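As structure tokens, the structure follows; a few thoughts come after it.
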Amino acid sequence: MLQLKNISKTYGQTMALKTIELFIPEGKTTILLGQSGSGKSTLIRIINGLIQPDSGGTVFFEGIPVTPQNALDLRHKMGYVIQEGGLFPHLTAYQNVALMAGYLGWSAERIDKRVTELAQLTQLPVDILNRFPTQLSGGQRQRVSLMRALILDPDLLLLDEPLGALDPMIRSELQTDLKQIFQTLGKTVVIVTHDIGEAGFLGDMIVLLRDGQIVQQGSLPELVHTPADPFVTLFINAQRSPLEVLTGNPS
Ligand code: ADP
Ligand code: MG
């Protein structure tokens, strides 16, 4: 589905990514996990061709190298939810969701059918779609962002900290719904998060990044029980659980 070969990215003096090699399997959910500044957003934007890797690196999407020439077309097959949702404030939720389909010349009828389908999938009441983004709750906004990313029925779904700005109960509810949605769709999904619990709950595979490099790649049990580096354990234990606070024992 997706193969990253020798991906580096330098911004002036900052080396945001260093020789990343990664294979992302079809139909699975892969998590890009890491601290703020570890290069997660840079990696996701290189995957969809919004930014170019340094020379010598290539992203292969369905076997095709992503280039500045074909990135725009390939992005129609890659739904993308940017950090902070990125809905246009002057458009209604419906208009935000329908934007790309309208641009590609879909009929109003076809758009309406697809939007209704997606509202059902994301469990958003259809009448809410006439509101503007500021008139929606954070959770509703993220459901709309997801609908927008899914409108063209992409092969790949890229989500950059989709739940980052939500409070814990809404976040937990959306995690459950997202998992259900991914199972229903069977799509290849890549999600960025810094939350290890979210990573373990949603992901089939976790890719832990540190300073632009992959520290370990595997399931949550693998990261917990066979850490590839002391940093893996440090990272996991840094996220204190309420149980640990109560018992005084790291769980
Ligand atoms: P993350 O999403 O994991 O927080 P980013 O990919 O946003 O990390 O950033 C990785 C590193 O690259 C950071 O040190 C960040 O400051 C730097 N960086 C990101 N975007 C730019 C940019 N447009 N110009 C300069 N430096 C950047
Ligand atoms: Mg980021």
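Along the sequence shown, residues are numbered consecutively beginning with 1. When a ligand or atom number is given, it counts from 1 through the structure's own listing order. Atoms considered below: every heavy atom in the structure, side chains included; atoms not considered: hydrogens, waters and symmetry mates. Owing to the predicted nature of the structure, the values given are computational and were not obtained by experimental measurement.
Proximity of Gln83 to ligand 1, defined as any heavy-atom pair under 4.0 Å, is not found for any part of the residue.
Less than 4.0 angstrom separates some heavy atom of Ala16 from each of these atoms of ligand 1: 10 (C), 11 (C), 12 (O). Close contacts of ligand 1 with Gln35, meaning ligand atoms under 4.0 Å from a residue heavy atom, involve 3 (O). Atoms of ligand 1 found under 4.0 Å from any heavy atom of Thr14, numbered from 1 in the order shown, are 14 (O).
With respect to atom 4 (O) of ligand 1, the closest heavy atom belonging to the protein is Gly37 N, 2.7 Å.
Within 4.0 Å of atom 16 (O) of ligand 1, not a single protein heavy atom is present. Distances from atom 25 (C) of ligand 1 to the protein include at least one heavy-atom value under 4.0 Å.
The Mg ion (ligand 2) lies at the vertex of an angle of 80° between the OE1 atom of Gln83 and the OG atom of Ser41 (rounded to 10°).
For the pair Gly34 and ligand 1, no heavy-atom separation below 4.0 Å is found.
Residues Leu87 and Phe132 form no side-chain contact, since every pair of their non-hydrogen atoms from C-beta on lies 4.5 Å or further apart. Proximity of Asn237 to Thr233: side-chain heavy atoms (C-beta onward) are separated by under 4.5 Å at one or more points.
Between the side chains of Ser41 and Gln83, at least one donor N or O lies within less than 3.5 Å of an accepting N or O. For the residue pair Thr188 / Glu26, no side-chain donor-acceptor distance below 3.5 Å is found, with atom types taken as modelled.
Other residues, nucleotides and ligands place no more than 12 heavy atoms under 6.0 Å from the OH atom of Tyr103.
Separation of atoms CG (Leu156) and CG (Asn48) is listed at 8.5 Å; rounding is to 0.5 Å.
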